[in-house]
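Heads up: the structure comes next, in structure tokens.
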Amino acid sequence: MNDPVFIEQLRQGNREAFKILVESCGDRVFNTALGILQNDDDARDISQEVFIGIFQSVGGFKGDSSLTTWIYRITVQKSLEHIRTRARKKRSGIILSLFGRENQITAPATPFFHPGVLLENKERAAILFEAISRLPESQRVAFTLHKVEILSHAEIAEVMNSTLPAVESLIVRAKQKLRESLSDYYEKNEK
């Protein structure tokens, strides 16, 4: 994947090389986006945006990091941009409804069910993903890359343009916050 010849083929717009890239990285991009966005349709949309962006900007890939790291970075950035845009739209919708310009009733968020979770674990997984969605952005990204994508702390540091100690701290704090927010659920349901 980090072969200079392959990267040069991508830079030159070689469609076969791009097809190989999509086939080899498509699942990683989708799973990363899904872990952050917790919505199947949004993750598919972001995956497409990521590969369109890669196709359009691969000429600017400097090779400072591995191609895979660069792709993870783009995926994380686009996923977070999507969350921020959705939050802005939600806030503006609330403000408009407060001032009577829009009489729209918003449906409560439906629980997220990850497709890789076994049926008997769906309820617990939905509660876990809800708790993950409430983590601060950087903790959510580090935790997702570590637990969903199984990246090492060093790889996460590279993706997040951070230091190894900072990533380790983010993951520890994410685990602590998850433990705190899920403790009541597990005390009630795991007896």
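All residue numbers in this chain count up from 1 along the given sequence. Source: prediction; values computed, not measured.
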Rounded to the nearest 0.5 Å, how far apart are [atom1] of [X] and [atom2] of [Y]?
X: Ile156; Y: Leu164; atom1: CD1; atom2: CG; result: 9.5 Å
X: Ile127; Y: Ile132; atom1: CD1; atom2: CD1; result: 12.5 Å
X: Phe51; Y: Ile71; atom1: CZ; atom2: CD1; result: 6.0 Å
X: Glu49; Y: Ile54; atom1: CD; atom2: CD1; result: 12.0 Å
X: Phe143; Y: Leu135; atom1: CZ; atom2: CG; result: 7.5 Å
X: Phe18; Y: Leu10; atom1: CZ; atom2: CG; result: 8.0 Å

Kindly give the heavy-atom pair with the smallest separation between [X] and [Y], and that separation in Å.
X: Thr69; Y: Ser66; result: OG1-OG, 2.8 Å
X: Val167; Y: His153; result: CG1-O, 3.8 Å
X: Met160; Y: Ser138; result: CE-O, 3.6 Å
X: Glu158; Y: Ser65; result: OE2-CB, 3.2 Å
X: Ser79; Y: Ile36; result: CB-CG2, 3.9 Å

Please check this pair: side chain of [X] against backbone of [Y], looking for a donor-acceptor N/O pair closer than 3.5 Å.
X: His146; Y: Leu151; result: yes
X: Ser169; Y: Pro165; result: no
X: Ser24; Y: Leu21; result: yes

Please table the atom pairs, donor to acceptor, closer than 3.5 Å between any side-chain atom in residues 175-184 and protein atoms at least two apart or in another chain.
unit_1, atom_1, unit_2, atom_2, d
Ser181, OG, Lys177, O, 3.2
Ser181, OG, Leu178, O, 3.3
Ser183, OG, Glu180, O, 3.1

Can you confirm whether the side chains of Tyr72 and Glu155 place a donor and an acceptor under 3.5 Å from each other? no

Would you please test Glu137 and Arg84 for side-chain contact (heavy atoms from CB on, under 4.5 Å) and show each step? CA-CA 10 Å; Glu137 190 175 275; Arg84 290 179 195 126; 2.5 Å; yes

If we only count heavy atoms from C-beta on, is the [X] to [Y] side-chain gap below 4.5 Å?
X: Asp42; Y: Arg86; result: yes
X: Val5; Y: Glu8; result: no
X: Ile46; Y: Val29; result: no

Test Arg140 against Leu145 for side-chain contact (heavy atoms from CB on, under 4.5 Å), laying out the working first. CA-CA 8 Å; Arg140 181 178 31 193; Leu145 290 174; over 6 Å; no

Heavy-atom neighbours of Asn161 CG exceed 12 at 6.0 Å: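 Correct, the count exceeds 12.
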
